[in-house]
Every structure is written in structure tokens, then in C-alpha cells.
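Reading through the C-alpha cells given below for one structure.
Letters go in sequence order (proteins before strands), and every chain restarts at 1. Please read these numbers as outputs of a predicted model, since none were measured by experiment.
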Number of protein chains: 2
Amino acid sequence: MRRDVFQAIADPTRRAIIALIALQAMTPNAIAENFNTTRQAVSKHLRVLTECELVKQEYQGREIYYSLEIEKMKEIDKWLDQYRKIWETKFNQLDELLTKMKTQAKK
Amino acid sequence: MRRDVFQAIADPTRRAIIALIALQAMTPNAIAENFNTTRQAVSKHLRVLTECELVKQEYQGREIYYSLEIEKMKEIDKWLDQYRKIWETKFNQLDELLTKMKTQAKK
DNA sequence: TATATTTGCAACCGAATAGTTTCATAATAT
DNA sequence: ATATTATGAAACTATTCGGTTGCAAATATA
């Protein structure tokens, strides 16, 4: 099964899980308490997140603590970078235009 | 049908379309030439992209030029921001640790 | 040892998704 | 006027997705 980060963050529940475990590791049970779905459904989401390495597990007895693999989030940032260049250029163009207008207004 | 940006960028073909029209507006026909799918399939992708406002249309006779709505891309960047804070903090912590080690090494 | 808890996995289901083929509409060219 | 071109929409299909229920394995507790 091919999993990629973009597919993983497409689902709103998974984005919520990511937000939940971003700052502290949590067990599937604890995570599931925050949603209106079954624990098993959350488990499936965690599986997807694990498969694309957005999440890491830490075994502690019979419990498994899930936490965010923040490095993987940078992948999205990296993808965004090409577009960031575009909107920054557009901003610069607007900036230049405004400077031009100011200069002309002084005349 | 509820469309959001995250669902839109989940599909690899749609991400490729976004990349294609990021710098210059293109017609559906021209876009479709770059893929191994039918023009109609591309048309459906453009519909999804239009519905979530990632793309804007410009009518020119019987042709429609599609181009990227760069502002919408910032929405993803905005979402990433909360996680950017985390990885920057982690980097700072590492930075502090390295400074500490250097200081101790001098002793 | 017997029981309870935590968890993942398999099987199933309905809805959504991405693709195809076919068709309708509007603009342009001959 | 007729043919061609550009496009979107509809109908259909196979596959994937997110959810459920039921079960098994491993660990903790009585």
C-alpha cells in the first residue's frame, strides 16, 4: 500500500490526531477519547500515519505511546517552498508597485 | 460536496497540475497533454481544484485558462505554522545543547 | 491461575474517488 | 450553413476509504 504524507493529512480526523500528539505522546485509547469514533477506527488512522512515518511508536509494557515525527512534517514544508517563492515574488512586485506610486505621488 | 485544500492536494495528479499552472495559465487541453489520462479526467481534477478555490479560471473565447490561486496555498502554510514552531524549538534546543557542550569542552 | 485491560487485525459495509466512455453545448473555422 | 474544436457534465465501473463489529495476542492485576 503506497502511503504518502499528503494522503495522510487529507483526512480531518488524522489532522486532529497529529495536533493532539504533536506536543506529547499518547496511547491509542487516550487519543480515541477525543473523537466520536471507535478506538479501532483511531487505530486504523494511526496505522496510516505510521506507514508514512508521520508518527513514531514507543512501547511501554502493553501500552504504545504515539508521538509526532516532526521531521516528516518538514517534507510538506519543502513541497510548499516552490510556491512560497511565488507568493513572495508577488509580494515583492506589489511592494515595488507601492514604492513606485509613492514616488510618483511626490512629484 | 465539501472540498478542502488538504483533500485537493492529496492526489498526485492534482499536485502535478498545480505545479504545471503555477507559473503560467493553461487550458485543460494543454494540461491534459502532460498526463496519461483522458482530458475529461483532468477536467474533473480541475473541477475539484476550482471548488476549493485553489485555481482560478479566465475565459477567452471557447478556451478557459486555468491558473493557480497562490493565496490559497498560504492556507497550507498557515496550518504548517503550528508545527514549524515545534521543529524550530527542537532545533534551538539542539543548538543550546551544542553550545553547552562546546563550553564544557573548553574547561 | 483466572480475569481484566490494551492493542492490532480481519472481515464486512456504505460512501467517496479516480478513471473511462458517451453526449451536449458553445465558439470558431471553412 | 456546416464542420471542427474546446470544454463540461452524465452515467457507469473498479478501487479505495473510513467506519463498524468481532476476535486474538500480550500484558497487568486480582
For [X], check side chain to side chain contact (heavy atoms under 4.5 Å, CB included) against everything at least two apart and list the hits.
X       : value
A/Ala10 : B/Ala10
A/Ser43 : none
B/Asp77 : A/Asp77, A/Leu80, A/Arg84, A/Trp87, B/Arg84
A/Glu33 : none

Where the side chain of [X] is defined as all heavy atoms beyond and including C-beta, which of [options] is the nearest nucleotide?
X       : options               : value
B/Thr13 : C/dC9, D/dC17, C/dG19 : C/dG19
B/Arg3  : D/dT7, C/dT17, C/dT20 : C/dT17
B/Thr37 : C/dG19, D/dT20, D/dG8 : C/dG19

Sequence-aligned protein contact record of nucleotides 22-30 of chain C, with B where the base is within under 4.0 Å of a protein heavy atom and S where only the sugar-phosphate is: B----BS--
Atom pairs, protein N/O to nucleotides 11-15 of chain C N/O, distance under 3.5 Å:
none

List for me each residue that meets salt bridge (charged side-chain N to carboxylate O under 4.0 Å, His left out) alongside [X], sequence neighbours excluded, and say none if there are none.
X       : value
B/Lys74 : B/Glu71
A/Glu63 : none
A/Lys44 : none

Pairs meeting criterion ring-ring contact (aromatic ring centres under 6.0 Å, His included) with involvement of residues 25-69 of chain A, two or more places apart: none
Pairing residues for B/Glu75 by the side chain to side chain donor-acceptor pair (under 3.5 Å) criterion, not counting sequence neighbours: B/Lys72
Interface with DNA chain C, restricted to residues 20-35 of chain B and to heavy atoms under 4.0 Å: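 Correct list: empty, so none.
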Under-4.0 Å side-chain N/O to phosphate OP1/OP2 contact, A/Thr38 with D/dG19: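 Indeed not, no polar side-chain atom of A/Thr38 lies that close.
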